[in-house]
Amino acid sequence: PFPLRAGFTATGDPGKVISVAIDPTFTMNRTGGGGSFTVTTNNNIVGTPILSAGTSGTYTFFVGGWFPISSSTPAGAYSGAFNVTVAYN
């Protein structure tokens with residue numbers, strides 16, 4: 001399987017301006033130990049996020065990232081987590 005970016009949809013009062021905070025980095029650890037690396041996150045948020053008009057306002061955004069990997073990076077399954085916070089302004 002190919003890695004995909006994470007997708008999120010914030011919901012709330014239509015037309016409200018929100019702020020989105022995403023951890024700039026997080027650690028991926030090898031299942032069973034013996035390896036880790038740091039992921040640098042990026043996202044598609046451009047400008048001021050506003051919840052859409054309608055019955056329930058929504059705002060969808062995505063978070064991707066990159067990480068260094070080399071021939072010395074141990075093979076295996078890695079997992080990690082990052083925080084996303086959405087708040088009304």
Side-chain angles (χ1 to χ4, degrees):
F2 293 97
L4 301 173
R5 59 190 179 166
F8 299 89
T9 299
T11 60
D13 294 335
K16 295 285 187 178
V17 175
I18 59 172
S19 60
V20 179
I22 301 163
D23 286 345
T25 62
F26 68 97
T27 301
M28 297 283 288
N29 294 301
R30 185 171 178 267
T31 303
S36 67
F37 53 82
T38 299
V39 176
T40 300
T41 60
N42 58 36
N43 61 66
N44 71 330
I45 299 170
V46 177
T48 303
I50 300 173
L51 296 173
S52 64
T55 306
S56 177
T58 62
Y59 182 80
T60 299
F61 60 97
F62 299 92
V63 178
W66 64 272
F67 52 89
I69 198 163
S70 69
S71 59
S72 64
T73 303
Y78 288 76
S79 64
F82 59 93
N83 295 300
V84 175
T85 303
V86 177
Y88 286 118
N89 286 343

Where the side chain of T58 meets the backbone of S52, is there a donor-acceptor pair that is under 3.5 Å apart? no
Is there a donor-acceptor pair closer than 3.5 Å between any side-chain N or O of T41 and the backbone N or O of P24? yes
Quick check: is I22 connected to I50 through a chain of hydrophobic side chains (ILVMFWY, heavy atoms under 4.5 Å apart)? no
Between F8 and V86, is a side chain to side chain contact (heavy atoms under 4.5 Å, CB included) present by the stated rule, with each step listed? CA-CA 10 Å; F8 299 89; V86 177; over 6 Å; no
So, the side chain of R5 versus the backbone of G65: is there a donor-acceptor pair under 3.5 Å, distance only? no
Is D23 reaching over with its side chain to a backbone N or O of N83, donor-acceptor style, under 3.5 angstrom? yes
Report yes if the side chains of P14 and L51 come closer than 4.5 Å at any heavy-atom pair, otherwise no. no
To the nearest 0.5 Å, what is the distance between OG1 (T40) and CH2 (W66)? 4.5 Å
Specify the closest pair of heavy atoms between R30 and A75, including all atoms of both residues, with the distance to one decimal. NE-O, 2.7 Å
Nearest heavy atoms of Y88 and D13, plus distance in Å: OH-N, 2.9 Å
With P49 as reference, evaluate V17, I18, T60 under the side-chain contact (heavy atoms from CB on, under 4.5 Å) test and give the passing residue. I18
Mind checking whether F62 and Y59 sit in one hydrophobic cluster, side chains of I, L, V, M, F, W, Y counted as touching below 4.5 Å? no
Option from F82, Y78, F67 for which ring-ring contact (aromatic ring centres under 6.0 Å, His included) with F26 holds: F82
Can you get from I69 to V39 by hopping between Ile, Leu, Val, Met, Phe, Trp and Tyr side chains that sit under 4.5 Å apart? yes
